[in-house]
Amino acid sequence: MGVWSLKRIFSTLLIIIIVLSVLGGKIYLEQLQRPHFYLLQSGKALAQRDLNRLLQWVDLDSIARNLVEDFFKDVVIKLDSKAVNALKTELMKALKEQIETYVMTGQFKRAVLMDLSKEARAILPELNITEKEAGRFTKLAYLKEKGQTALAGFTDGVERADQIVLELELKKVFKGWRIVKINQFRELKLKLKREQQQKNVRIEDLLVQGMKNTVLWGKFDREDVFLELTPNNTVDNWPTSLLISMDQGHKLRLELLSGAGNIPLPVDPGEAEAFNASGQFNEHYYIQAGEYDFNRDGRPEIVVAIGDNHIDLVVNVFKFNPAPKDSSPATVQQWKLAGVFMGQNKAYLNGNKIRLPYTAVKIELNYQWDRDGFKEVN
């Protein structure tokens with residue numbers, strides 16, 4: 001296990017600190033009701049650097065313990081059980097001490113980090129997210145109270161298919177409510193990491209160049225990816241996003257999500273070797289999906305490219321086909337495959353054309369949008 005650089009550790013704030021800072025300074029509640037009131041009190045205590053008051057509303061021992069235990073559920077550590085338990089204890093103590101020091105002084109106690117074992121220093125950043133990432137969770141999206149437990153979910157206020165939620169769990173105690181846990185923290189970390197990966201995609205990773213709104217699937221992992229689509233108010237139930245996922249049988253699924261239900265996009269693999277004989281998605285292949293309006297009608301086509309970024313590429317272009325005026329509401333949305341193009345490692349979109357160079361033989365194919373499809377041009 002590699003040792004995380006101390007510089008990076010020092011520049012990363014503990015998630016609970018940042019969440020409470022947000023609570024204290026950015027969340028405005030219309031009614032100070034339980035457990036709303038105790039959430040707000042926690043933020044105020046942090047803002048006033050009042051550790052004793054904060055500990056009335058925040059159970060640091062429970063938060064640290066749950067963060068550490070959740071981390072070890074999904075990670076295999078090559079240490080014996082005694083060493084693992086010692087490592088857990090070390091991490092819990094470090095987390096709690098860092099939080100307490102920060103609350104009282106506004107600074108980390110670097111000696112805490114310096115005294116940690118190399119294993120603990122490597123794991124500690126996995127129990128954190130950056131200040132910038134945490135600072136986005138400024139909207140209280142829901143507060144569900146059920147018996148002795150309450151769940152408070154925070155988002156950035158922007159609705160999207162793949163909504164990222166930071167959820168705090170509160171427990172009812174004699175004097176009110178206490179924050180005891182951050183739920184699904186590992187999942188939160190993975191979603192933030194995947195989102196950042198999409199923002200930092202290198203141009204050499206792209207299978208198709210020329211699309212501004214685009215995502216990759218399968219390049220970093222094979223978890224679900226959503227492509228948020230450009231809104232269109234002129235068409236009923238215009239899809240909000242494209243979901244790219246894989247079922248339990250390792251078969252690829254592409255679905256447009258709309259208010260009227262999911263619309264499958266069946267991919268045509270052409271002559272590419274992206275799928276085996278059983279229809280399962282092969283290793284070393286990945287997908288780029290995006291929008292591109294070839295005919296400039298305000299209803300962008302959906303471009304799906306599958307390739308290995310080396311010698312094998314297939315590009316599908318799906319077009320929205322308006323249904324006849326007398327059709328039933330169930331057929332209002334119709335999407336058809338407008339083109340299937342074979343290439344080598346990359347394709348390029350420019351104007352109403354798609355270009356596919358074959359660098360190995362120094363030729364290229366060019367196709368131009370023509371009415372409802374494409375025609376090959378020189």
- request: Could you walk me through whether Val103 and Glu100 pass the side chain to side chain contact (heavy atoms under 4.5 Å, CB included) test, one step at a time?
  value: CA-CA 5 Å; Val103 171; Glu100 291 175 342; 5.8 Å; no
Residues which pass side chain to side chain contact (heavy atoms under 4.5 Å, CB included) with Asn85, listed by chain and number, not counting sequence neighbours: Lys88
query: When the ring planes of Phe341 and Tyr367 are compared, do they come out parallel, tilted or perpendicular, using 30° and 60° as the limits?
result: tilted
- prompt: Lys73: what forms a salt bridge (Lys or Arg N to Asp or Glu O under 4.0 Å) with it, not counting sequence neighbours?
  reply: Asp70
message: Please list all pairs meeting salt bridge (charged side-chain N to carboxylate O under 4.0 Å, His left out) that have one or both residues in residues 239-255, counting only residues at least two apart or in different chains.
response: none
field: Side-chain touch Phe374/Gln368, heavy atoms, less than 4.5 angstrom
entry: no
- prompt: Are Lys353 and Leu349 close enough that some pair of their side-chain heavy atoms sits under 4.5 Å apart?
  reply: no
message: Between Trp369 (side chain only) and Arg371 (backbone N and O only), is there a donor and an acceptor less than 3.5 Å apart?
response: yes
- prompt: Where do Leu91 and Thr89 land on the side chain to side chain contact (heavy atoms under 4.5 Å, CB included) test, with the steps shown first?
  reply: CA-CA 5 Å; Leu91 287 166; Thr89 301; over 6 Å; no
task: Identify the heavy atoms of His36 and Leu140 that sit nearest to each other, and give their distance.
output: CD2-CD2, 4.1 Å
field: Ring centroid separation Phe320 to Trp238 under 6.0 Å
entry: yes
query: For Gly351, does its backbone N or O pair with a side-chain atom of Tyr292 as donor and acceptor, under 3.5 Å?
result: yes
message: side chain to side chain contact (heavy atoms under 4.5 Å, CB included) for Arg65 and Met92? Distances and angles first, verdict last.
response: CA-CA 6 Å; Arg65 181 176 60 256; Met92 293 177 197; 3.8 Å; yes
message: Please determine whether a side-chain nitrogen of the Lys or Arg among Asp372 and Lys319 lies less than 4.0 Å from a carboxylate oxygen of the Asp or Glu.
response: yes
Arg53-Gln41 side chain donor-acceptor pair, cut-off 3.5 Å: yes
message: For Thr214 and Gln288: C-alpha separation, side-chain torsions, deciding distance, then whether side-chain hydrogen bond (donor to acceptor under 3.5 Å, both in side chains) applies.
response: CA-CA 7 Å; Thr214 187; Gln288 181 187 353; 3.0 Å; yes
Side-chain heavy-atom pair Leu265, Leu256 within 4.5 angstrom cut-off: yes
task: Could you tell me whether the side chains of Ser117 and Glu90 share a donor-acceptor contact shorter than 3.5 Å?
output: yes
- prompt: So, Glu291 and Thr230: side-chain donor and acceptor under 3.5 Å apart, yes or no?
  reply: yes
query: Does Leu257 offer a backbone N or O that forms a donor-acceptor pair with the side chain of Thr240 under 3.5 Å?
result: yes
message: Distance check, rounded to the nearest 0.5 Å: Ile302 atom CD1 versus Leu337 atom CG?
response: 11.5 Å
message: Taking the ring centre of each residue, are Trp57 and Phe37 less than 6.0 Å apart?
response: no
task: Answer whether the closest heavy-atom distance between the side chains of Gln197 and Asn200 falls below 4.5 Å.
output: no
message: Has Thr155 got a side-chain atom pairing as donor or acceptor with Gly157's backbone, closer than 3.5 angstrom?
response: yes
query: Hey, any chance Leu229 and Ile263 share a hydrophobic cluster, counting ILVMFWY side chains that come within less than 4.5 Å of each other, even indirectly?
result: yes
- line: dist Ile354:CD1 -> Asn366:CG (nearest 0.5 Å) comes out at 9.5 Å
field: Min side-chain heavy-atom separation Leu170-Thr149 under 4.5 Å
entry: no
message: Less than 4.0 angstrom from a charged side-chain N to a carboxylate O is my criterion; do Arg202 and Asp205 meet it?
response: yes
query: Got a second to check how far Arg186's CZ is from Gln184's CD, nearest 0.5 Å?
result: 11.5 Å
Please table the atom pairs, donor to acceptor, closer than 3.5 Å between any side-chain atom in residues 308-318 and protein atoms at least two apart or in another chain.
residue : atom : partner : partner atom : Å
Asp308  : OD1  : His310  : N            : 2.9
Asp308  : OD1  : Ile311  : N            : 3.0
Asp308  : OD1  : Asp312  : N            : 3.0
Asn309  : OD1  : Lys346  : NZ           : 3.3
Asn309  : ND2  : Glu204  : O            : 2.8
Asn309  : ND2  : Tyr286  : OH           : 3.0
Asp312  : OD2  : Glu273  : N            : 2.7
Asp312  : OD2  : Tyr285  : OH           : 2.6
Asn316  : OD1  : Asp268  : N            : 2.7
Asn316  : ND2  : Asp268  : O            : 3.0

task: With sequence neighbours left out, write down each residue that passes ring pair (Phe, Tyr, Trp, His ring centres under 6.0 Å) with Phe226, or none if nothing qualifies.
output: none
Check ion pair Arg299-Asp297 (N to O, under 4.0 angstrom): yes
- request: Using modelled atom types only, decide if a donor and an acceptor are shared between the side chain of Arg49 and the backbone of Met104 within a distance under 3.5 Å.
  value: no
field: Side chain to side chain, Glu364 and Arg355, heavy atoms closer than 4.5 Å
entry: yes
message: Check whether Glu119 reaches the backbone of Leu87 with its side chain - one donor and one acceptor, N or O, closer than 3.5 Å.
response: no
query: Has Ile203 got more than 12 heavy atoms of other residues, nucleotides or ligands less than 6.0 Å from its CD1?
result: no
query: Going by heavy atoms in the side chains, are Ile287 and Val304 under 4.5 Å from each other?
result: yes
Point-to-point distance, once rounded to the nearest 0.5 Å, from CG of Leu254 to CD1 of Ile306: 7.0 Å
message: Between Trp217 (side chain only) and Glu223 (backbone N and O only), is there a donor and an acceptor less than 3.5 Å apart?
response: yes
message: Given 3.5 Å as the limit, does a donor-acceptor pair link the side chain of Gln163 with the main chain of Val158, or not?
response: yes
- prompt: Could you give all pairs that pass the salt bridge (charged side-chain N to carboxylate O under 4.0 Å, His left out) test and reach residues 188-198, with sequence neighbours left out?
  reply: Arg136-Glu195, Asp162-Lys191, Glu187-Lys191, Arg194-Asp221
- prompt: Any chance CD of Glu376 has more than 12 other-residue heavy atoms, nucleotides or ligands included, within less than 6.0 Å?
  reply: yes
- prompt: Do any N or O atoms from the side chain of Ser258 and from the backbone of Pro239 form a donor-acceptor pair under 3.5 angstrom?
  reply: no
- line: Note: Ala152 and Leu39 closest approach over all heavy atoms is CB-CD1, 3.9 Å
task: Indicate yes or no: at least one non-hydrogen side-chain atom of Val165 is less than 4.5 angstrom from one of Phe137.
output: no
- request: Step by step, work out the side chain to side chain contact (heavy atoms under 4.5 Å, CB included) result for Leu356 and Tyr348.
  value: CA-CA 7 Å; Leu356 298 121; Tyr348 299 84; over 6 Å; no
